[in-house]
Amino acid sequence: MRTFPLKLVTIIADEALERKLVADIKRLGAKGYTVGKAHGEGAKGERISEWEGENLRLETIVSESVAEKILTHLASEYFPNYTIIAYLSDVAVLRGDKFV
Amino acid sequence: MRTFPLKLVTIIADEALERKLVADIKRLGAKGYTVGKAHGEGAKGERISEWEGENLRLETIVSESVAEKILTHLASEYFPNYTIIAYLSDVAVLRGDKFV
Amino acid sequence: MRTFPLKLVTIIADEALERKLVADIKRLGAKGYTVGKAHGEGAKGERISEWEGENLRLETIVSESVAEKILTHLASEYFPNYTIIAYLSDVAVLRGDKFV
């Protein structure tokens, strides 16, 4: 079965950021995304969500160049103002040509 | 700590497909699975769920040969009829011998 | 964009174990964690949750040495008594220096 090597970008953030994050990643080239609910603590034990909100766990499958653009954008526009976590993993995607 | 190199298969689909997907992956050799709720958009911005249903995010840890069988089955039986996303990642599994 | 290569530890367990698991992984060096709800079946088709409880899917991003400590602890303290699944994946983390 033929698969495409792509990048899975995972972002953990306050759920209040969903609309803004989705708009940003689509503008930067993401073709789709998946969001699940989560809770937890950030890397220094700090709260990720303001008040009592839940967190979101947003995933998007993109090319390496789009992944780079998304991480660069998160680092400059989100990290100074919000507690978010972002990481990449390598995935082999069925019908991966739809994602680039 | 000894771990086993295995494949994590992740499938994003309409939650209405859960029973069918679970039956199919077990028949093809999966020993277990985990399902979480999600929402989002497919690779072309298309809706994954019919009507107003939620999506599921199904994960199963399998050998490379079972992963291959699952992807082949998804490509032939699901992709023509449903909007689903499927991808593989490499994982190192504790007590991985239980999964093969 | 500079990222750090780290380990993502994923643990699937009965949700009743959340407090104990979180305390243990933090004591072993985890700086943060994310928990989502899930359901499913274990590697032999056995129930993961007692009674009718849900499962949790706990993720934590850690150094290789902390990942090793967590897996060793899970193998000795949890596997004999509980149905849990644990696996590692490689991730490239933005601002990964916060996690070690």
Side-chain angles (χ1 to χ4, degrees), chain B residues 1-40 53-67 70 87-100, chain C residues 5-15 21 24-25 28 34-49 53-60 62-92:
Chain B
M1 179 48 47
R2 187 163 158 230
T3 57
F4 282 66
L6 291 166
K7 294 290 179 185
L8 177 68
V9 180
T10 303
I11 303 168
I12 316 290
D14 187 325
E15 63 177 354
L17 291 174
E18 178 171 341
R19 188 179 299 222
K20 179 172 158 64
L21 279 167
V22 167
D24 284 355
I25 65 169
K26 288 169 88 169
R27 184 171 46 76
L28 295 168
K31 305 294 186 193
Y33 65 92
T34 301
V35 176
K37 287 187 177 183
H39 63 274
E54 271 200 292
N55 300 339
L56 61 80
R57 185 176 180 285
L58 187 157
E59 292 175 312
T60 184
I61 294 171
V62 294
S63 67
E64 184 153 10
S65 69
V66 171
I70 290 173
Y87 57 89
L88 302 183
S89 18
D90 292 316
V91 288
V93 184
L94 194 60
R95 299 278 172 89
D97 50 326
K98 291 171 66 181
F99 293 83
V100 293
Chain C
L6 291 166
K7 294 290 180 185
L8 177 69
V9 180
T10 302
I11 304 168
I12 316 289
D14 187 325
E15 63 177 356
L21 278 168
D24 284 355
I25 65 169
L28 295 168
T34 301
V35 175
K37 288 187 176 183
H39 62 273
E41 293 174 25
K44 295 285 188 204
E46 75 273 66
R47 293 185 61 78
I48 289 178
S49 295
E54 270 200 290
N55 301 338
L56 61 80
R57 185 175 181 285
L58 187 157
E59 292 175 311
T60 184
V62 294
S63 67
E64 184 151 11
S65 69
V66 170
E68 179 79 9
K69 282 180 199 164
I70 290 173
L71 290 197
T72 301
H73 181 71
L74 293 176
S76 68
E77 302 298 322
Y78 285 79
F79 274 61
N81 303 304
Y82 306 106
T83 302
I84 71 168
I85 296 167
Y87 56 90
L88 302 183
S89 19
D90 291 316
V91 288

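Note on naming: letters A, B, ... go to the chains in the order of the sequence lines (proteins, then strands), and numbering restarts at 1 for each one. Treat the numbers as computed from the prediction; the structure is a model and nothing was measured.
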*Can you tell me how far the CG atom of B:Asp97 sits from the CZ atom of B:Arg2, to the nearest 0.5 Å?*
7.0 Å

_chain C contact via B:Arg57 - which portion, at a heavy-atom distance below 4.5 Å_ = side chain

*Quick one: which of C:Ala67, C:Ala75, C:Ala86 has the most heavy-atom pairs under 4.5 Å with chain B, could you say?*
C:Ala86

_Closest non-hydrogen atom pair, B:Thr10 against B:Glu59_ = OG1-CG, 3.9 Å

*Which atoms form the tightest heavy-atom contact between C:His73 and C:Asp24, and what is the distance?*
NE2-OD2, 2.9 Å

*Just one of B:Thr60, B:Ile61, B:Val91 clears the side-chain contact (heavy atoms from CB on, under 4.5 Å) bar with B:Phe99, so which one?*
B:Ile61

*Go through the atoms of B:Leu58 and report whether side chain, backbone, both or neither lie under 4.5 Å from a heavy atom of chain C.*
neither

*For chain B, which of C:Asp90, C:Leu88, C:Leu74 has the most heavy-atom pairs under 4.5 Å?*
C:Leu88

*State, to 0.1 Å, how close C:Ile11 and C:Ile25 come at their nearest heavy-atom pair, and which atoms those are.*
CD1-CG2, 4.4 Å

*Would you mind checking which part of B:Ser89 comes under 4.5 Å of any heavy atom in chain C, side chain (CB onward), backbone (N, CA, C, O), both or neither?*
neither

